[in-house]
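Contents: one structure, followed by commentary.
The structure displayed is predicted, hence computed values, not measured ones. These values consider heavy atoms only, across backbone and side chains, with no hydrogens, waters or symmetry-generated copies.
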Amino acid sequence: MAGVEQPCYTLINFPMDTEPHNDMQLKLDLEKGDIKKKIEALKKTIGIILSGEKIPGLLMIIIRFVLPLQDHTIKKLLLIFWEIVPKTTSDGKLLQEMILVCDAYRKDLQHPNEFIRGSTLRFLCKLKEPELLEPLMPAIRACLEHRHSYVRRNAVLAIFTIYRNFEFLIPDAPELVANFLENEQDMSCKRNAFLMLLHADQERALTYLAARLDNVHGFGDILQLVIVELIYKVCHVNPSERSRFIRTVYELLNAASAAVRYEAAGTLVTLSNAPAAIKVQAAASCYIDLIVKESDNNVKLIVVGRLSELRAQGGEAAARALPDLAMDVLRVLAASDLDVRRHTLQLALELVSPQHAEELVSVLRKEAVRAQAADHDDAAKYRQLLVRAMHRAAIKFPEVAGSVAPALLELVGDGSELAAHDVMLFLRAALHTYPDLRELIYKKLLECITSIKVGRIARCALWLVAEFADSEQRVQAALDVLAEVIPTPASDQPNKEEEKSEEQKPEAPARQLVTSDGTYATQSAFNLPTREGAERGVKGSGLGAALREGDSFTVACACSALAKLGLRLPPPRAARALHLSAALLAHHKLHPGSNGSRLTADDVEHSALCLVAGGAQPEAVREALLHGTRRALHALLALPDRAAATLLPHAEERPPAVKAKVPVEAGIVFPALAGAAAHAHHDIFQISLSKAVQGRVGGGGGGGGGEEGRLSRVTQLTGFSDPVYAEAIVAVNQYDIVLDVLVVNQTDDTLQNCCVELATLGELRLVDRPAPVVLAPRDFASIRAHVKVASTENGIIFGNIVYEVSGASMDRGVVVLNDIHIDIVDYIQPALCSDADFRQMWAEFEWENKASCHAPHPYTPHATPPHEQGYMLLVSVNTNITDLREYLDHLLASTNMKCLTPDKALSGQCGFLAANLYARSIFGEDALANVSIETPAPRTAATPAHPAPVLGHVRIRAKSQGMALSLGDKINMMAKSPPPRPVPEEAAPRLDIPAFLDD
């Protein structure tokens, strides 16, 4: 871990609106003020030093007038002050005043108050000057025998830190701590001592543990955690020691502490030589018990994720051992958190075997019944998850589809449930895939269709009824059901008084409808409806209300379904279906909706064509409606992402394992010949620490985590001719940005107090100010700065380098730095979502940024936003790209978004392209975009030899304004940069081996 920077021990927050300090007043308060004034002055002094400023003559004042005080608050502040104050001169020698400080802390180490002793010992762990520590070693040793455990455990930590940094100061530390451990009774002190032996002298730690293996279960949890880590490290280095300690690990699976059980389970899977099925089952049982008993939802998610990894990495052994525990996993559904339930359902579906499939469906049905009575906020979403889980279970195990269908039909209700659409998706797949269950499902569908009043669900149900009426008996049954709900011209006479009261009500503003590809739906200019479709809350009840008072499209779908039912009957018997369709049209002609809405001209035309086709029954129409739709459905369900909706967001799903392609000239790594067992021997503690320190691998848009990836993120900050040259490696982690700035002195003078002063623009905040350094002639130094990221949007980091030249007449020199632009692409990742989720988010998100591919002006504000609180901005994108697919690929590569539209829908050349894009930020924010572009008609200036650039729009919607604006700016910048051209293989340089050998 050579690349890990030193830890930060203390975080101090200072208000930004503090008044400028007065040096004389500050010194006066420290010298002659009372205790309260001295405390406030000491706090200001600490803030001034942390900001990089200096106050000459202050050190002796604090030593003379503040250090002798016995107030506990002042002593705590002094510990911080002595930690941050410079203790050496410019040539690296210790300040003489620090001898007085050392004597004061020697007295604090002998203070009768145990808190002062312990705090002083903790402070000594942070000192890096051996000259200060050497006189204090006898007092530190004496603290090991103090009566209070707080002092003893901090003394052990102080000895451990000093031995690790300056071994020559206390060479007998392992022996001293080992003797202390033998006689110590306090568990926290024993933990610290054992931890030191673990890192300083493993042989002594093993000797101590081997003598007490039978008593490990009685130790405290903090000591047991260190014992598990020792066992893992020893067995990792020396596998022959496994048989000696593995029984202890099995015993710790039943420890009282949840943390100990979790670590013991992970160690058992990694180290045990027992049969794979046995150790996997023991670890999984421990994990499941942790999930059920632990109340923290974050812990539940972590352990469920660990179980999923165990299933993925366990191979055949996990496939044999874990299915028996699938039903135990379902006990976690008692948790109230929706994310925990989602991950649990996904894990249960991965683990379950055909032997337990029926039992799994039974449990899910009971959960669905229980969830119907729940009234919490996420109840509807949880029912939707249960429907999707049962759908996927039916796909995985077809034998349970018969018991799933009736349970799901009970959840349809009036269609207002979130789960209703998922139920229709299941019915569509089940009716097509399971012919033996078709009769049962069709009968249940006819029973519940009359209660559906939501237009979107009613349209789905009507299509299923017409599509799968394969026999004359089913057609007649469907017509009987529809005849009961379809209004006739003589029925449903409007109430005059009710009509007048409705007319007096103000009309609701028209809503822009959104089609499935994300574009705005166009309405007929001849007959525009005055209100949106009644998806919810229409008057009346059931399908009859949806057909009488619902939207125009539902009526058109009902006419299509009746026409298809008529085509399935001989011409004499088809008249009934046509009569019902004509009656529905006549009703809407004579009795428009309650607020005067009528059928659109497009829907009237469509319904009339259905009537004509049902009456004439031409062969082409019969082939298209009766057989073409079934073939299209078969092709749709054959797509992997259309079989069933996923439970987890696609960003959280594990990608399929892809075998790495190794070039033929790559060198052979011989440990790889040892087989799969060699790859499992990685230090899990070291790996977890590396992940925590490094953040996202390959973050920041620059390659991997190696040197090649770091070099691709280098940003030049100054010119080569400046007195100080600077460049920075920008590493974007999940919630912060790390700037590793290399500063080079290009002069022959010594630069003192060379400091990098940074500032930010946007939702970025500088965490700490980089400390000043001294640069010798032609010397260099590395300075780190951390910037906190608050939201997903573009930002700018700017600043300058300030330095002082020793012996020069000028006071200070300044070099202005180039701006560092933080790109939004560093924070968003491609993701997937279903079409229904995309449309729901599109309707919910209020910010919209519209990027025009041919707007003549760079920024043109839109007068009327698409929503009441919406936002729209037209951004000109002057692109020279002439191919539609090339523009889309360039857009995806520049914005790091994922295209949701299938490739099959984008194939072909029709002169128009519409696609939906989706991405998620590292903060969990969603970003949606819709691309609608076309190639212009040929003109004199745009001949086939010189085609014109593409035209169109890119609509962006996000939850926050900043994210939408940043994506719009990114698209505007993308249009100015040409897409990368692939280098043909023929153009790549090749090495002529025979010619090379001849030379």
Could you list the residues that satisfy ring-ring contact (aromatic ring centres under 6.0 Å, His included) with F180, not counting sequence neighbours? none
Quick one: are N818 and T718 in side-chain contact, heavy atoms under 4.5 Å? no
Could you check whether any side-chain N or O of D722 sits under 3.5 Å from a backbone N or O of Y725, counting only pairs where one atom can act as donor and the other as acceptor? no
Surrounding CE of M24 (heavy atoms of other residues, nucleotides or ligands, distance under 6.0 Å), is the total greater than 12? no
How would you list all residue pairs meeting side-chain hydrogen bond (donor to acceptor under 3.5 Å, both in side chains) that involve residues 58-77, not counting sequence neighbours? Q70-H111, K75-D108
How about L127 and L124: do any of their side-chain heavy atoms sit closer than 4.5 Å? yes
Test of understanding: with ring-ring contact (aromatic ring centres under 6.0 Å, His included), list the residues that count as partners of F123, not counting sequence neighbours. Y105
Who pairs with V299 by side-chain contact (heavy atoms from CB on, under 4.5 Å), at least two apart in sequence or on another chain? E294, D296, V303
Please check if the side chain of R117 supplies one atom and the backbone of L109 the other of a donor-acceptor pair under 3.5 Å. yes
Non-hydrogen side-chain atoms of V774 and T750 separated by less than 4.5 Å: yes
If you take all heavy atoms of L78 and I62, which pair is closest and at what distance? CD2-CG2, 3.8 Å
Return yes if some donor-acceptor pair links the side-chain N/O of K38 with the main-chain N/O of F65 below 3.5 Å, else return no. yes
Close side-chain approach of P723 to V815, heavy-atom, < 4.5 Å: yes
Would the distance check show the side chain of D221 and the main-chain N or O of A259 forming a donor-acceptor pair, the cut-off being under 3.5 Å? no
So does E129 have more than 12 non-hydrogen atoms from other groups sitting under 6.0 Å from CD? yes
Flag side-chain contact, heavy atom, 4.5 Å: P777 against D749: no
Could you list all the side-chain hydrogen bond (donor to acceptor under 3.5 Å, both in side chains) pairs where at least one residue sits in residues 148-160, not counting sequence neighbours? R122-N154, R152-E184, R153-S188
With a 3.5 Å distance limit and no angle check, can you tell me whether R778 reaches the backbone of Q746 through a side-chain donor-acceptor pair? yes
Verify, without hydrogens or angle tests, whether N165 (side chain) and T161 (backbone) share a donor-acceptor contact under 3.5 angstrom. yes
Kindly say whether T747 contributes a backbone atom to a donor-acceptor pair with the side chain of N745 at under 3.5 angstrom? yes
Expected output: side-chain D103 to main-chain I99 donor-acceptor under 3.5 Å: no
Are any side-chain N or O atoms of D819 and backbone N or O atoms of H821, one a donor and one an acceptor, separated by less than 3.5 Å? no
Measure across Y803 and V814 and return the closest heavy-atom pair with its distance rounded to 0.1 Å. CE2-N, 4.1 Å
List the residues meeting side chain to side chain donor-acceptor pair (under 3.5 Å) with Q25, not counting sequence neighbours, and say none if there are none. D29
Sort out for me which residue in L30, L28, D34 forms a side-chain contact (heavy atoms from CB on, under 4.5 Å) with K32. L28
Hey, does the side chain of D740 reach the backbone of I729 with a donor-acceptor pair shorter than 3.5 angstrom? no
Of the non-hydrogen atoms in L58 and K27, which two are nearest, and what is the gap between them? CD1-CG, 4.0 Å
